[in-house]
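To keep things clear, I will list the structure first and then write my remarks on it.
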2 protein chains.
Amino acid sequence: MINPMYLAIVEDIKQKINSGQLKPSDAVPSENALSKEYGASRMTVRKGLAILANDGYIYSIPGKGSFVRKPELNKYTIYYNEMNNSINKVDQSRLLEVNIIMPDEKLAGELQTTINKNVIVIRRLFYTEGKPVAYDLKYLLYSKGMPIVEKEIEQATFPEMVSGSIAAFSLKKELSISAQMPDEEIKKHLNIYDELALLVVEQKIFNDDNKPIGFCVTYFRGDYIKLKGNSE
Amino acid sequence: MINPMYLAIVEDIKQKINSGQLKPSDAVPSENALSKEYGASRMTVRKGLAILANDGYIYSIPGKGSFVRKPELNKYTIYYNEMNNSINKVDQSRLLEVNIIMPDEKLAGELQTTINKNVIVIRRLFYTEGKPVAYDLKYLLYSKGMPIVEKEIEQATFPEMVSGSIAAFSLKKELSISAQMPDEEIKKHLNIYDELALLVVEQKIFNDDNKPIGFCVTYFRGDYIKLKGNSE
DNA sequence: CAGTGGTCTAGACCACCAA
DNA sequence: TGGTGGTCTAGACCACTGA
């Protein structure tokens, strides 16, 4: 055999599930039974089952057995980066404002801080081929290592700004996507003269204690962005 | 020890990465070295490393070693279901049309079929608390097991419609999210009288040969939807 | 060549579950 | 009590990398 034995086991069981021989909540044969069936050691069988479990095909209950899982029909993975999406690439960025402010009540609530703590505000405009395509607004709790040089801020994405100081692996992030009409200020920034919808993406970044450390809203011209995701 | 040994190894190495002792592209000590360091067998160490690899912390190159990966800053997971999102739940669905048509060139292209093959069209309106919130349009290549009873179609989500017949595990799906203004037809369906942005979600479902088997567009009133995603 | 990760084995003990 | 999955070991052979 060219392929490792555990992969052959994985493919065989996957095929049984996909063909309907094994249905959701059906029991997969026990590890000892599979071990005999495939002429492999129990550890090899377990390696195969671990892969199936990881791919969402099965789950195991100690003392009982392994069972076929119901497929995840609604799960998608999306790679979002405010400066690079599937139908346009930001080729220029203009810094409108970098400032230190006292948050108002709403912002203090979002960042779970108090209204007497300093917050960094960054406002940017993104351009594609000379045209403004997005208005970007960020609020960050200051921490050491953050880019404070204007040139750095102009080019950095949201996670990059906070990850200078914090271990990037332990960052938790939330994304929120909606559509709305532009207000007068955004219309001015994005050169919108007639009716045009905005795609609004909010990001929130948390440290590993689940405290928010940054909040970001990006307003994209609806005709210049399409977010893409896929299963698997 | 309460926890299994391999988890202790995982936590220890994670901590070394998060604290900066191990930086991206640094080499993790060899399996034999870790085996001595933790007083564990090589297989136990490997189990730990496999988890770290799976969580995106490290990667391995045969013959060379294991190395710390750069963190994925842009990856998000989103659970999308046209009938149930984070700020509203569709509590009623009205079927506007079920039909069999010959696709035009554009649609035939999307579904990678020819203009003389039949395609099922389904048009629905979704309601929340009596108000129309979304206009939903689906094109499906017919296959056995598909719901053809009106009652079923009214309540089913897109993956559910095609997964009656096909093994749901092997479905590949694509998602595309954008914002646009409603046309006159949609304004009428969604009772839009003034300017309101739409959030438009396109789904495309492929079988395991990567042939598209369905295409779906849902137009949500911008004031009734917010898609949520998160990292991890 | 010695060292690395990848695969595989044949045992072992454990906690858990059901009859 | 016997069967299940979960953990762990101490070996083995392999293909690959780099000096």
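All heavy atoms count here, side chains included; hydrogens, waters and symmetry mates do not. Every chain is numbered from 1 and lettered A, B, ... according to where its sequence line falls, protein lines coming before strand lines.
In this structure, Glu31(B) pairs ionically with Arg42(B), as a charged nitrogen and a carboxylate oxygen lie closer than 4.0 Å.
The stretch residues 28-37 of chain A touches DNA chain D through Ser30(A), Glu31(A), Asn32(A), each having a heavy atom under 4.0 angstrom from the strand.
Using a 4.0 Å heavy-atom distance criterion, Gly48(B) is classed as making no nucleic acid contact.
Rounding to whole angstrom units, CD1 of residue Ile58(B) and C1' of dG5(C) are separated by 11 Å. For Arg42(A) and dT4(D), the CZ to P distance is 10 Å, given to the nearest whole Å. Here the C1' atom of nucleotide dG6(D) and the CG atom of Leu49(A) are 12 Å apart, to the nearest Å. In this structure, the OH atom of Tyr59(A) is 13 Å from the P atom of dG6(D), given to the nearest Å. Protein atom CD1 of Ile51(A) is 12 Å distant from nucleotide atom C1' of dG6(C), rounded to whole Å.
Closest approach to the Met43(B) side chain among dG11(D), dT7(D), dG5(C) is made by dG11(D) (side chain taken as heavy atoms from C-beta onward). Closest to the side chain of Met5(A), from the set dT9(D), dT9(C), dT7(C), is dT9(C). Side-chain atoms of Ser60(A) lie closest to dG5(D) of the nucleotides dG5(D), dT9(D), dG5(C).
With Phe215(A) as the aromatic partner, Lys138(A) does not meet the cation-pi criteria of under 6.0 angstrom to the ring centre and within 45 degrees of the ring axis. Judged by a 6.0 Å distance limit and a 45° cone about the ring axis, Lys47(B) is positioned over the six-membered ring of Tyr6(B). Taking the ring centre of Tyr79(A) as origin, the terminal cationic atom of Lys228(A) falls outside the region bounded by 6.0 Å and 45° from the ring axis.
When atom types are taken as modelled, the side chain of Lys23(B) and the backbone of Gly20(B) share a donor-acceptor pair closer than 3.5 angstrom.
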Please walk me through it: do Arg124(A) and Glu82(A) pass salt bridge (Lys or Arg N to Asp or Glu O under 4.0 Å)? CA-CA 11 Å; Arg124(A) 298 186 292 180; Glu82(A) 66 261 39; 3.6 Å; yes

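Contact annotation: Thr44(B) reaches the phosphate of dT9(D) (side-chain N/O to OP1 or OP2, under 4.0 Å). In this model, the phosphate group of dT7(D) is approached by a side-chain N or O of Lys47(B) to a distance below 4.0 Å at OP1 or OP2. Under 4.0 angstrom from either OP1 or OP2 of dA18(C) there lies at least one side-chain N or O belonging to Lys64(A). At the phosphate of dT7(D), OP1 or OP2 sits under 4.0 Å from a side-chain N or O atom of Tyr6(B).
For Lys16(B), the side-chain hydrogen bond (donor to acceptor under 3.5 Å, both in side chains) partners at least two apart in sequence or on another chain are Asp12(B).
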Any chance you could encode DNA chain C as dot-bracket? Rule is Watson-Crick or G-U wobble with both distances under 3.5 Å; [ ] for pairs crossing earlier ones, | for another strand. |.||||||||||||||||.

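One side chain, Arg94(A) or Tyr127(A), offers a donor N or O that lies under 3.5 Å from an acceptor on the other.
Taking for each of Arg46(A) and Gly63(B) the nucleotide of DNA chain D with the nearest heavy atom, the 5'-most of the two is the partner of Arg46(A).
Classified by interplanar angle (parallel below 30°, tilted 30° to 60°, perpendicular above 60°), the ring pair Tyr80(B)/Phe220(B) is perpendicular.
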